[in-house]
Number of protein chains: 2
Amino acid sequence: MGELPVSKTVAKREARIAEILACAEKHFSIKGFHGAGISGIAADCGISVGHLYHYFGSKDELIQAVVKLEMRRQDESIAAFENLSPENLRIEMAELTNAIFSTDEEPFRTVLNFEILAEAQRNPDVAEILQQQDKQMRLRFVSILRRAGIDDPETRTELIFTIFSGLSARALRHPQQERAALLEVIKDVILKILGDKPVTSGAACA
Amino acid sequence: MGELPVSKTVAKREARIAEILACAEKHFSIKGFHGAGISGIAADCGISVGHLYHYFGSKDELIQAVVKLEMRRQDESIAAFENLSPENLRIEMAELTNAIFSTDEEPFRTVLNFEILAEAQRNPDVAEILQQQDKQMRLRFVSILRRAGIDDPETRTELIFTIFSGLSARALRHPQQERAALLEVIKDVILKILGDKPVTSGAACA
DNA sequence: CAAAATAGAATGAATGCTCTATCTAATGAC
DNA sequence: GTCATTAGATAGAGCATTCATTCTATTTTG
């Protein structure tokens, strides 16, 4: 049901590509983009080096594909907030804050994230992917806030993205942090940002 | 004046080490810890490979020394806030926010920062340095806030560190951002966090 | 003279990538 | 339906290069 009539070979090809990407992501996460080698990736997913090069023309191409995959995943985690009532939006955002700060499988906090940010500073192609995908995420989130009737959504989006980015860095730099207390404060901040009052200091406390 | 009577050779040795560290930092920033090679670093600072190994026993040692150097620099940029009057503290903090978000030579935003965060996830020695130095910075900043008579300094320190970390990530992901507007809002947030009111939402607007 | 500083060749492993060869499966002709 | 042709999938050896590291030899300096 709902299956498009893709030829068997095409389907197999796509499955293989997905498999390679998963292996590559794992290796890149563990050893870094430059630390991981093509031969290791190929070996780990049970194919030959030549075969891998049949699907990806260069290591750079593979890196970029993995970056795109990760960024798309982040975008999807934002898309999940579309079509929520303003009330549920606030609840779910608080939930996401929780997830980012406490679990290890959260898209915002993937191991690859800092690797990507570092790589973007020296690889223009990666920077382009990063920035273009961030733009899409921003536009998506802005329109979510706008639909929820929230004022000045651009600034609030930037504020929230800043805090989320910062949280994952803090989790690395201060892992023993007693999280429960800080979490409550951060959630408060997020909810306050999601309020429909202007974000400037005077007005927020008016 | 104030010079300790270090022997000439010791002084020369330290100068050489500093020179190597500067070259290594440059190469690591441009090509990453794993992308940069010992031979390139040695060549760039005009010494032989063997000579470099005379000062640093391994590449890992060199990496850790560079990480320590960068972290110490960040710590110093916080130490600069010690012994300020509460009034000046607020002013200088707003200034720092400005600097982090707009310039490229700001210690918090060094190219190496994300490289270090990525490396810390796979190299326990680097993680240890990162976390230990972060602890020192936290304690320093907490005591600064405490001396300024600010309530619950631990939470406020964590909040501010989170925002600063997030800002440098945002600068990479959204470089075309119109910064002036956001900057004003962020500065307001920082100043509000530095206020002596409790940080919880209800009380802050009481 | 002895100890530290320095150079640079040499080592062996690992790197990204290419090349050729085989094998499998889809397609077309009759 | 059956055989021939072709296109894609796959393997793995091989290439040149670079890597981190070590070794030995030479120069400089205290």
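Residue numbers start from 1 in every chain, and the chains themselves are labelled A, B, ... in the order their sequence lines are given, proteins ahead of strands. As a basis for the values below, the full set of heavy atoms in this structure was taken, side chains included, without hydrogen atoms, waters or symmetry mates.
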Could you tell me how far apart A/Glu19 (CD) and D/dA9 (P) are, to the nearest whole angstrom?
14 Å
Roughly, in whole Å, what's the span from CD1 in B/Ile38 to P in D/dT21?
6 Å
Report yes if at least one side-chain N or O of B/His54 is closer than 4.0 Å to OP1 or OP2 of C/dT6; otherwise report no.
no
Without hydrogens or angle criteria, can the side chains of A/His174 and B/Gln131 be said to hold a donor-acceptor pair below 3.5 Å?
no
Presence of A/Tyr55 side-chain N/O under 4.0 Å of D/dT10 phosphate oxygens OP1/OP2:
yes
Distance in angstrom units between B/Phe33 CZ and D/dA20 P, rounded
13 Å
Within the structure shown, what part of the strands sits under 4.0 Å from B/Gly46 by heavy-atom distance: base, sugar-phosphate, or nothing?
sugar-phosphate
Under 4.0 Å between a side-chain N or O of B/Ser39 and OP1 or OP2 of D/dC19?
yes
Side chain of A/Tyr53: nearest nucleotide among D/dA11, C/dT6, C/dC17?
C/dC17
Between NZ of A/Lys59 and C1' of C/dC17 the distance, given in whole Å, is 12 Å
Measure the distance from NZ on B/Lys31 to P on D/dA20 and round it to the nearest whole Å.
10 Å
Rounding to a whole Å, what distance do you find between B/Ile17:CD1 and C/dT6:C1'?
15 Å
Non-hydrogen atoms of A/Met137 and A/Asp75 that approach each other most closely:
CG-OD1, 3.5 Å
Of the nucleotides D/dA11, C/dA5, D/dT21, which one has an atom closest to the side chain of B/Arg13?
C/dA5
Distance in angstrom units between B/Ile20 CD1 and C/dT6 C1', rounded
11 Å
Base, sugar-phosphate, or nothing for B/Ala36, non-hydrogen atoms under 4.0 angstrom?
sugar-phosphate
Run the side-chain contact (heavy atoms from CB on, under 4.5 Å) check on B/Ile144 and B/Leu84 step by step: do they pass?
CA-CA 8 Å; B/Ile144 290 174; B/Leu84 288 180; over 6 Å; no
Any side-chain N or O of B/His51 below 4.0 angstrom from OP1/OP2 of C/dA5?
no
Which heavy atom of B/Ile116 sits nearest a heavy atom of B/Val126, and at what distance?
O-CG1, 4.1 Å
Grab the two heavy atoms, one from A/Phe28 and one from A/Ala36, that are nearest each other, plus how far apart they are.
CD2-CB, 3.7 Å
Does A/Phe56 reach a base, just sugar-phosphate, or nothing at all? Heavy atoms under 4.0 Å.
nothing
Between P on D/dT28 and CZ on B/Arg16, what's the gap in Å once rounded to a whole number?
14 Å
Considering every strand and a 4.0 Å limit on heavy-atom distances, what is the contact class for A/Gly50: base, sugar-phosphate, or nothing?
base
